[in-house]
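Atom set for the values below is all heavy atoms of this structure, side chains included, hydrogens, waters and symmetry mates excluded. All chains are named by letter (A, B, ...) in the order of the sequence lines, taking the proteins before the strands, and each is independently numbered beginning at 1. The structure presented is a predicted model; accordingly, all values stated were derived computationally and were not measured.
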Amino acid sequence: AQSVTQLDSQVPVFEEAPVELRCNYSSSVSVYLFWYVQYPNQGLQLLLKYLSGSTLVESINGFEAEFNKSQTSFHLRKPSVHISDTAEYFCAVSVDTGFQKLVFGTGTRLLVSP
Amino acid sequence: GAGVSQSPSNKVTEKGKDVELRCDPISGHTALYWYRQRLGQGLEFLIYFQGNSAPDKSGLPSDRFSAERTGESVSTLTIQRTQQEDSAVYLCASSTSGARTEAFFGQGTRLTVV
């Protein structure tokens with residue numbers, strides 16, 4: 001069965017600084033990878049996803065994530081964060097065999113301060 | 001409706017009472033998930049329905065928890081003899097079939113056991 005590890009429960013950062021939120025996964029088969037975001041008092045929504053093709057995927061608000069198969073990672077990065085990026089970020093993985101269940105990490109809280 | 005609908009949005013119940021939470025998935029979505037999110041914590045998987053297959057109940061924390069779904073329609077999560085540690089936001093998500101697809105989340109039901 002697949003699993004996801006988000007080692008950082010909280011990442012504090014100053015506005016306009018770069019940030020990286022780490023995600024590692026474990027799976028014996030090929031995976032699909034997702035980042036979801038939960039803004040304060042809102043529901044979860046998809047931020048970006050890797051299905052196939054280019055290993056670098058981008059979101060509309062400046063985040064990007066790179067699929068690294070050898071390191072089994074899918075870290076989320078942004079070169080310059082805004083106060084509005086303060087949120088909880090969840091990494092998730094699914095596979096095309098068996099039950100195809102989406103498995104989430106425990107989440108990383110990004111705190112952006114002025 | 002256009003999205004995943006959960007009801008009630010808030011529920012306060014006395015310890016020992018039973019509660020029933022409802023999820024209306026997006027029409028046509030064969031997969032349905034229930035997650036629990038305790039205050040300040042990550043997503044805890046509870047149960048997963050995929051079409052007419054037997055559900056994956058591996059995340060249910062005790063036999064006080066049960067869930068049902070008829071076909072590809074509404075799902076109900078029932079918690080019997082509620083305890084204070086059951087207090088959390090219960091999230092429902094649905095998606096179309098397949099591991100490559102995005103899961104859409106409802107706004108959740110905030111359960112408070114007093």
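Salt bridge present: B/Asp56 and A/Lys101 bring a charged side-chain N and a carboxylate O closer than 4.0 Å. A salt bridge links A/Arg109 with A/Glu88: at least one charged nitrogen is closer than 4.0 Å to a carboxylate oxygen. Here B/Asp86 pairs with B/Arg64 in a salt bridge; the nearest charged N to carboxylate O distance falls below 4.0 Å.
Contact annotation for A/Ser52: only side-chain heavy atoms (C-beta onward) come within less than 4.5 Å of a heavy atom of chain B. Proximity to chain A is absent for every atom of B/Ala31, based on heavy atoms less than 4.5 angstrom apart. In this structure, no portion of B/Glu44 lies under 4.5 Å from any heavy atom of chain A. For B/Ser95, no part lies near chain A; criterion is any non-hydrogen pair under 4.5 Å. If you measure heavy-atom distances from B/Tyr35 to chain A, the contacts under 4.5 Å come from the side chain alone. With a 4.5 angstrom heavy-atom cutoff, A/Tyr50 does not touch chain B via any of its atoms. For A/Gln38, the part lying near chain B is the side chain, with the backbone staying farther off; criterion is any non-hydrogen pair under 4.5 Å.
Heavy-atom pairs under 4.5 Å with chain B peak, among A/Leu44, A/Asn41, A/Leu33, at A/Leu44.
Ring-centre distance between B/Phe105 and A/Phe104: below the 6.0 Å cut-off.
To the nearest 0.5 Å, the span separating CZ on A/Phe34 from SG on A/Cys23 amounts to 12.0 Å.
By the 6.0 Å contact criterion, CD on B/Glu14 is open, its count of non-hydrogen atoms from other residues, nucleotides or ligands being 12 or less.
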